[in-house]
Amino acid sequence: MFAAQRIGRRAFSASARDLSKVTVLGAAGGIGQPLSLLLKLNPNVTELGLYDIRGAPGVAADISHINTKSTVTGYDATPSGLASALKGADIVLIPAGVPRKPGMTRDDLFNTNASIVRDLAKACADNCPEAKVLVIANPVNSTLPILAEVYKARGVYNPKRLFGVTTLDVVRASRFVSELKGTDPAAENVTVVGGHSGVTIVPLFSQSNHPELSSNAELVNRVQFGGDEVVKAKDGAGSATLSMAMAGARMAESLLRASNGEKGVIEPSFVDSPLFKDQGIDYFSSKVELGPGGVEKVLPLGKLDANEEKLLEACLGDLKKNIEKGVAFVAANPGK
Ligand SMILES: NC(=O)c1ccc[n+]([C@@H]2O[C@H](COP(=O)([O-])OP(=O)(O)OC[C@H]3O[C@@H](n4cnc5c(N)ncnc54)[C@H](O)[C@@H]3O)[C@@H](O)[C@H]2O)c1
Ligand SMILES: O=C(O)C[C@H](O)C(=O)O
């Protein structure tokens, strides 16, 4: 019945909003809870599925009392609960995984988070292979390749549908510039490319409203290590959760708008990218035009100044290693 209604509405009502099921894996966590809250407030989300290894039904019961139209379901922490959470999903967000503590790099999370993402990727590939999947769990430079390798092994890989979420880097860059310049952050669009850790994060201020900022080493460093600022301030209680929830919700909303036919929706994201394949780097974050199928077009980098060329060089070396680590992990540990 539900499937019929869904198809009927897609086929016969061009003006009506499509039905969109969005599922959060890791929904009871520091990011998962506020992210689920923001998705519940989004009128483009009609069905919200929440899954976690602990606590998702409680979070769902709480959020379900919010008087917006969407339905909310919390699923049991069982294989069948996970499968049901994913069936019919249009978008899946994955903040499941451990966060950093002071003194750790994102790569230090690899040993724990690689297998979490691999196993959730299998469940996505088996239950909603057509869904757009947004990986938030760190280290994103390695977890997106892990997701992609799982999809390739299962014969369902479509590079247009898998995303590593780097939106927070762009959100931070625009906020930090606005603090410095006393401007409205909404008017400060800063392109950030590369990956999502330390020197792999490359802000392109030369393309912003303030090209001279590309020589402001302190600002560049703040964008590259903004995550560390939060980890230090939280003092052992985790990493960015609230700003990340906003960034993840923004990325999901952009995909929903593009799915609903809006043209020219552009978000930065870490995707299977042609930009540096000639250097053996299959994934790269840059501005991506979104469409109904996910990635419509990976936009070119544009012109970089000499400072940015140096940053890019440092980025590519580290990024290549991070990607290779993710690919090698799945080859050596295919799991069940
Ligand atoms: N991409 C980014 O910009 C960005 C920003 C901030 C944080 N992160 C990353 O996001 C991840 C989550 O951070 P957090 O602060 O929400 O952590 P958290 O510990 O508060 O929450 C993680 C949640 O994942 C759940 N979980 C663990 N294994 C699971 C599994 N197999 N299936 C389903 N759920 C599972 C846990 O029960 C927990 O509720 C971390 O890896 C962190 O580094 C990424
Ligand atoms: O810094 C972290 O570990 C979390 C996240 O990747 C961030 O950028 O805030």
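Every number for a ligand or one of its atoms is a count from 1 in the order of the listing.
For the pair A28 and ligand 1, a heavy-atom separation below 4.0 Å is found. Using a 4.0 Å cutoff on heavy atoms, V230 does not count as a contact of ligand 2.
Ring to ring, Y75 and Y51 are not that close: their centroids are 6.0 angstrom or more apart.
Distances between N or O atoms of R106 and those of ligand 2 include at least one value under 3.5 Å.
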Evaluation steps, side chain to side chain contact (heavy atoms under 4.5 Å, CB included), between V170 and T191 = CA-CA 7 Å; V170 176; T191 300; over 6 Å; no

Go through the steps to decide whether F205 and V177 satisfy the test side chain to side chain contact (heavy atoms under 4.5 Å, CB included), and finish with yes or no.
-> CA-CA 9 Å; F205 288 113; V177 167; 3.3 Å; yes

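For atom 12 (C) of ligand 1, the nearest protein heavy atom (residue, atom name, distance) is P95 O, 2.9 Å. Protein heavy atom nearest atom 16 (O) of ligand 1, with residue, atom name and distance: I31 N, 2.9 Å. Protein heavy atom nearest atom 9 (O) of ligand 2, with residue, atom name and distance: R172 NH2, 2.6 Å. Nearest to atom 4 (C) of ligand 1 among the protein's heavy atoms is M244 SD, 3.4 Å. With respect to atom 6 (O) of ligand 2, the closest heavy atom belonging to the protein is H196 NE2, 2.6 Å.
At a threshold of 4.5 Å between non-hydrogen side-chain atoms, the residues I94 and I136 do not count as touching.
Per-residue contacts place G30 under 4.0 angstrom from the following atoms of ligand 1 (heavy atoms of the residue considered): 16 (O), 18 (P), 20 (O), 21 (O).
Residues satisfying the side chain to side chain contact (heavy atoms under 4.5 Å, CB included) criterion with N322, sequence neighbours excluded, are N141, S142, S197, T200.
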